[in-house]
Amino acid sequence: MNHDHEYTPSNGFTKWLDKRLPLMRFADENMLSFPTPKNLNYFWTFGFILTLSLVTQIITGIVLAMHYTPHVLMAFDSIEHIMRDVNYGWLIRYIHANGASMFFLAVFIHMFRSLYYGSYKEPREVLWILGVVIFLLMIITAFMGYVLVWGQMSFWGATVITNLVATIPVVGESILTLLLGGFSVDNPTLNRFFSLHYLLPFVIFGVVILHIWALHVTGNNNPTGISVKDSNDTISFHPYYTVKDLFAYVVFLLMFSYFIFYNPNILGHPDNYIEADPMVTPAHIVPEWYLLPFYAILRAVPDKLMGVLLMFGSIAVLFFLPWLDTMKVRSARYRPVYKIFYFTFLISCLLLGYLGGQAPEGIYLFLSRVCTIYYFAFFLVVMPLLSRYEKPSAMPIGISNPAIDTSIEIDEIDGDLVPSANT
Amino acid sequence: MTDIIDENEPTRRDFLYITTAVFGATGAATLAWPLIHQLNPDASVSALSSVEADISSIPEGGSLKVAWRGKPVFIRRRTKEEILVAENEDVANLPHPEKDAERVKNKEWLVVVGVCTHLGCIPIADKGDFGGWFCPCHGSHYDISGRIRKGPAPTNLEVPPYEFVNESIIKIG
């Protein structure tokens, strides 16, 4: 592979265009010849899958907006109209609704991959932060989209979540009224959520462009976490990774199709097929599955304000990740102790997801508290301590050279892991 | 040019820069306010600020739910025993200490906004450990005076402004 490959316009038109707007050059450098580490595994295909997920949501969303009516008296009926009357409306809606779940599934895998291979570390801090911004925007967008259906879960989910704002001391109530456009969730709320739900995906698209830009400045991390040294370590993005990403996407689509065609409502809640009734609260209010871990954290705390702070804190802490884990070795492959804490963290997050769907009492409440404590301890205690005390295992010299790197003195830090690091 | 310019002194140009910036910022702030304030409740929402309800048909121990500002208001005609229980409670130990007398105008009638002070769900009547209401969302228990007794809600159920217009009509708001 020639990595000092330079884009050369092939015909008269592209030569003319290249001097005026180097669009083809930009596409070539960023999408075709972009040098990519040759050892990326399938966990690295989720960036591509996520981009297509966003495009899927935007296309189906624009179509749905052509048939949807954002008014409290008509919203629920217009959804049923889409399902029953609009040609292929059921398909488009099921793609959009399940697409949101698939989007979150992919983003969770993408983030846990980053956490395992240390992709947030120097020099990719900005890349990581932009990713957390995208995640936050995704949560807000998905929440507002769920409200548009105007079923019981939509309404009461919206009530509970907007009420979180009222916990802010002094100005909380005023902000809540400002947010809702009234004294409770009602037509003004539905209308503005529709407006914002249409807007935010394009904001996400903009941040995705910044995210990819930042990626192309630093280049990809890779499973060894060792920086790319020369062109022997890389291959061009096209055709090697375009093909690999597409293959992964097709497999992903197979699973996606199972939900769309065989089990389109399994990820939703049946109560959302009952029209919103501001006078009756359903017995169990649960958010969509992808928000359950955060919901579990909210409910784990007996104090209202603290619960809200911890829930927002659980996302806010992610912004500081590059400075909490300062271990130079990026990949968990060479971090035997981090690996144990990492998988415990993974299990703890899955458990929080399960607990978020259970009633907040007895053993469920107790486990929610344990998992919440571990969630924060992982970032605020384990990571800084391991950065100091963990001894990385032997590493290869480079991506293309499996020989053990003897220039790294892995025993230079004297001291064992403090046993109480996980409390 | 023989003028001597002292570099530490502000020049006419500095004055122009600052004036321009101040005008620009004031203009932007002035324009921002309508864009923010349009989010607040509009005139049609604010206009619905009071409702009247007929309470003559409520039996002792019965209750009525009316919508006020898009929220339910519980109007409960309490039994003699319930009033006794509510009044004899030692309020000092409650999470939000309020005497029953501070919460009612006529002790037979309890009027509260039926919205859980935790996160806005509607509590269910005659459930929970304290003979009042129970919020199914996150497990807050209220007593027969609408006071929080157990669970994550921080305060008692809100008492809305109301008055008895006559024997059978109550006006809320």
Side-chain angles (χ1 to χ4, degrees), chain A residues 72 152-153 155-167 169 172-189 191-192 195-196 276-287 295 298-308 311 359-362 364-365, chain B residues 32-33 35-51 63-74 95-96 113-125 127-129 133-141 148 150-155 158 160-161 172-173:
Chain A
V72 288
Q152 273 289 66
M153 279 298 159
F155 183 89
W156 291 101
T159 300
V160 168
I161 299 301
T162 52
N163 262 289
L164 298 179
V165 179
T167 56
E173 287 290 338
S174 314
I175 295 179
L176 178 62
T177 311
L178 186 82
L179 198 70
L180 297 177
F183 305 104
S184 58
V185 175
D186 210 334
N187 200 48
T189 322
N191 246 299
R192 65 190 55 181
S195 169
L196 294 174
D277 183 349
M279 295 294 137
V280 180
T281 307
H284 286 286
I285 298 186
V286 281
Y295 195 58
L298 168 77
R299 298 192 306 179
V301 190
D303 183 77
K304 185 173 161 182
L305 183 59
M306 272 307 286
V308 174
M311 189 180 73
E361 55 201 22
Y364 299 125
L365 185 59
Chain B
W33 177 241
L35 290 174
I36 295 166
H37 191 53
Q38 56 82 24
L39 290 168
N40 270 320
D42 59 38
S44 72
V45 173
S46 305
L48 298 171
S49 56
S50 76
V51 289
S63 61
L64 181 70
K65 194 153 85 171
V66 295
W68 174 65
R69 287 175 158 190
K71 296 174 188 170
V73 169
F74 298 151
H96 181 191
V113 177
V115 171
C116 181
T117 56
H118 181 227
L119 293 171
C121 296
I122 298 177
I124 301 165
K127 276 219 171 159
D129 300 349
W133 288 266
F134 172 70
C135 180
C137 293
H138 307 100
S140 293
H141 301 253
I148 178 66
K150 191 173 134 189
T155 58
E158 187 195 341
I172 296 157

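Reckoned from all heavy atoms, side chains included, excluding hydrogens, waters and symmetry mates. Sequence lines set the chain letters: A, B, ... in the order given, protein chains first and strands last, and positions in each chain run from 1. Computed from a predicted model, the values in this text were never measured in an experiment.
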Engineer: With respect to chain B, which residue among A/G307, A/S174, A/G182 yields the maximal number of heavy-atom pairs within a distance under 4.5 Å?
Structural biologist: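 Max contact count across the listed options: A/G182.
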Engineer: In terms of heavy-atom pairs under 4.5 Å with chain A, which of B/C135, B/P152, B/G114, B/C116 leads?
Structural biologist: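 Most pairs with chain A among the choices: B/P152.
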Engineer: Let me know if A/Y295 has heavy atoms under 4.5 Å from chain B in its side chain, its backbone, both or neither.
Structural biologist: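 Looking at A/Y295, just its side chain touches chain B.
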Engineer: Please assess B/E158 against B/T117 for the test side chain to side chain contact (heavy atoms under 4.5 Å, CB included), listing each intermediate value before the final yes or no.
Structural biologist: CA-CA 8 Å; B/E158 187 195 341; B/T117 56; 5.5 Å; no
Engineer: Taking atom CE of A/M311 and atom CZ of A/R299, what is their separation to the nearest 0.5 Å?
Structural biologist: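 Going from the CE atom of A/M311 to the CZ atom of A/R299 covers 12.0 Å.
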Engineer: So what's closer than 4.5 Å to chain B heavy atoms on A/L179: side chain, backbone, both or neither?
Structural biologist: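 Answer is neither: A/L179 stays 4.5 Å or more from chain B.
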Engineer: Look at B/V45, B/V115, B/D42 and state which one has the largest set of heavy-atom pairs under 4.5 Å with chain A.
Structural biologist: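 Of the candidates given, the most pairs with chain A belong to B/V45.
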Engineer: Please flag which part of A/P278 lies under 4.5 Å from any non-hydrogen atom of chain B: side chain, backbone, both or neither.
Structural biologist: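 It is both, since atoms from each part get that close.
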Engineer: Under 4.5 Å from any heavy atom of chain A, what part of B/I124 do you find: side chain, backbone, both or neither?
Structural biologist: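 Contact with chain A: none, neither part.
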Engineer: How are the rings of B/H141 and B/F134 set relative to one another: parallel (under 30°), tilted (30 to 60°) or perpendicular (over 60°)?
Structural biologist: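 Judged by the thresholds at 30° and 60°, the geometry between B/H141 and B/F134 is tilted.
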Engineer: Are the side chain of B/S50 and the backbone N or O of B/G173 linked by a donor-acceptor pair below 3.5 Å?
Structural biologist: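 Not at all, since once roles are kept as given, no pair shorter than 3.5 Å links the two residues.
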Engineer: Hey, could you give me the CG/CG distance between B/L39 and A/L178, rounded to the nearest 0.5 Å?
Structural biologist: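 Taking CG in B/L39 and CG in A/L178, the distance rounds to 5.0 Å.
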Engineer: I'd like to know if the side chain of A/T281 reaches the main chain of B/C121, judged simply by a donor and an acceptor atom lying under 3.5 Å from each other, with no hydrogens or angles considered.
Structural biologist: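 No, the answer is negative, given that no donor and acceptor are paired below the 3.5 Å cut-off.
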Engineer: So for B/K71, is it side chain, backbone, both, or neither that comes closer than 4.5 Å to the heavy atoms of chain A?
Structural biologist: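 Interface part for B/K71: both.
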Engineer: Counting heavy-atom pairs closer than 4.5 Å to chain A, which one of B/A153, B/G151, B/G139, B/P136 comes out on top?
Structural biologist: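 Result: the option with the highest number of such pairs is B/P136.
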Engineer: Look only at the side chain of A/T167 and the backbone of A/N163, and say whether a donor-acceptor pair between them is shorter than 3.5 Å.
Structural biologist: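 Side chain of A/T167 to backbone of A/N163: no pair is present.
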